[in-house]
**Q** 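Quick one: this structure, given as structure tokens, is what I'll be asking you about.
Note that ligands are numbered from 1 as they come in the structure, with each ligand's atoms numbered from 1 the same way. Just so we're clear, the structure is a prediction, and the values are computed from it rather than from any experiment.
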Amino acid sequence: MTEQNCSHSFHHPRPGAPLYCDSVSLEDLARKFGTPLYVYSACQIAERLMLFQQALAGREHLVCYAVKANSALAILKLLAGLGAGFDIVSGGELERVMAAAPEAAGKVVFSGVGKTPAEIDLALKAGILEFNVESEAELELLAARARRLAAASRLKTKARFALRVNPDVFADTHPYISTGLREHKFGIDIRRAPAIYKRAVKNRWLEAHGVSVHIGSQIRSADPFGAAMERVSRLVRQLDREGIALKSVDAGGGLGIDYHGGSFDAAEKVREYAAALAGALSGFGGKLLIEPGRFLVAQAGVLVTRVLHVKRNGAKTFVITDAAMNDLIRPALYQAHHEIVPVRRRAGKPQMVDVVGPVCESGDFFARDRKLGPVKPGDLVALLDAGAYGMAQSSNYNTRPRAAEVLVEGAKARLIRRRETMADLLGPEMV
Ligand SMILES: *Cc1c(COP(=O)(O)O)cnc(C)c1O
């Protein structure tokens, strides 16, 4: 990686030039790989990871990238190479980590409320760092699978677990991505945790390795992270007094970004976040895990799409693009905002438009009543900050092949996922 500053990877290098990702023109990429096309900056992803690593450098730590945000193998490999661990929520995500970076298996934490026996077995065999356990029933299942595995093989290791506690902290974000209240399906009521730890340490197939918490996603303020960690810290001290010394505290993910194109100082945000965690955890000498997803990859990615038509219906102007809700569902799912910019600016006044895809749903929109610079059919536009929960949540709805993905590394661009073909889509089916 170069010394180049990649916090603003997407830029116009000179007036009249198209939008670039680092040193690569998005126009050139669209010509070469077609549209819709996801383009990511490796440099920015690396830079964001290093911000966390530097902010936590004073203590034992591990940044476990939340694979669900963007699970491209090339991105997992990039992050593993820089020392990251991974937060997974399915056996499939573990398979991805093992395919991209098998040496990172010992740095994996496994979250999620519905782990199956097969997924638990896979993770036990892989020797992951810890299971973030979300219920007592899951803890029993984990112990049973560890016992069974020991009987069937020479693997006699205990299953390392952390209870994912629910701290009952309100995080100001979209209700679909808030997870830290007692009424949510996630975690175990923090008040019940001590009794569960005390019972678990008597089980010879379990090792009480840590405690974890994750209060939600796209949280812009450091305060709720600090508040949740205060409660976790109190639990850690209580357990310590009772003879249960945890080795790790996992603060989860959730640090948010600015989707509105405001001036955004990522380094400052990470410093505030790390300070909130460290303040609450003073006195804990074990390992601090964090699970950022969005913050590492969202602003490192754009979705490049071509304008198919510009259509007037009554008072409205619709810009119809070749990307649709199946490529990027965040606006439809969470009323999320993505800045949209023409890849090559045209002279003229911005117009008020709706930017929509070709899918047969009124929910298939990227923006409503948005001021957009003048565009014509054939022009390229870029949806910014699309690196997280974009491709990862894509689907084949309307039998639309998924987009291709390109990773830009300085002046080089590499196809990391080819565009799907109809054979990919029809392959699994039988008439
Ligand atoms: C989704 C999730 C994350 C990542 O959240 P971001 O908002 O992308 O940082 C981390 N940990 C758990 C348990 C999650 O479910």
**Q** When only distance counts, is V89 in polar contact with ligand 1, meaning an N/O pair under 3.5 Å?
**A**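 Not met; the criterion fails.
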**Q** I need the atoms of ligand 1 closer than 4.0 Å to a non-hydrogen atom of R294, numbered in the order shown.
**A**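 Those qualifying, in numeric order: 6 (P), 8 (O), 9 (O).
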**Q** Just which atoms of ligand 1 are under 4.0 Å from any heavy atom in P292?
**A**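 Counting atoms of ligand 1 from 1, those under 4.0 Å from P292 are 9 (O).
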**Q** Going by the atom numbers of ligand 1, which of them fall below 4.0 Å from some non-hydrogen atom of E291?
**A**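 In order of numbering, the contacting atoms are 3 (C), 4 (C), 9 (O), 10 (C), 11 (N), 12 (C), 13 (C).
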**Q** Show the atoms of ligand 1 that are less than 4.0 angstrom away from any heavy atom in Y389.
**A**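 Answer for ligand 1: 1 (C), 4 (C), 5 (O), 6 (P), 8 (O).
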**Q** For a quick test of your reading: what N or O donor-acceptor pairs under 3.5 Å do the side chains of residues 102-116 make, sequence neighbours left out?
**A**
from	atom 1	to	atom 2	distance (Å)
K107	NZ	G83	O	3.3
S111	OG	D87	OD1	2.7
S111	OG	N132	ND2	3.3
K115	NZ	G112	O	2.9
K115	NZ	N132	O	2.7
K115	NZ	E138	OE1	3.4
K115	NZ	E138	OE2	2.6
T116	OG1	E119	N	3.1
T116	OG1	E119	OE1	3.4

**Q** Quick check on contacts: which atoms of ligand 1 are under 4.0 angstrom from a heavy atom of S111?
**A**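 Those of ligand 1 that fall under 4.0 Å from S111 are 13 (C).
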**Q** Given the ring of Y259, does R330 sit roughly above its face, with NZ or CZ under 6.0 Å from the centre of the six-membered ring and within 45° of the axis?
**A**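 Because its charged atom sits under 6.0 Å from the ring centre and within 45° of the axis, R330 does stack over Y259.
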**Q** Number the atoms of ligand 1 from 1 as they appear, then name those within less than 4.0 Å of a heavy atom of R164, with their elements.
**A**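 Near R164, the atoms of ligand 1 are 13 (C).
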**Q** Could you list the atoms of ligand 1 found under 4.0 angstrom from a heavy atom of K68?
**A**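 Selected atoms, number and element: 1 (C), 2 (C), 3 (C), 4 (C), 14 (C), 15 (O).
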**Q** Apply the side chain to side chain contact (heavy atoms under 4.5 Å, CB included) test between V341 and each candidate in L384, L383, V381; give the one that qualifies.
**A**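 When L384, L383, V381 are each tested with V341, the side chain to side chain contact (heavy atoms under 4.5 Å, CB included) holds only for L384.
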**Q** Please report whether the ring centroid of F295 lies less than 6.0 Å from that of F52.
**A**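 Under 6.0 Å, so yes.
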**Q** Under a 4.0 angstrom heavy-atom cut-off, which atoms of ligand 1 come close to A66?
**A**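 Ligand 1 atoms under the 4.0 Å threshold to A66: 3 (C), 4 (C), 10 (C).
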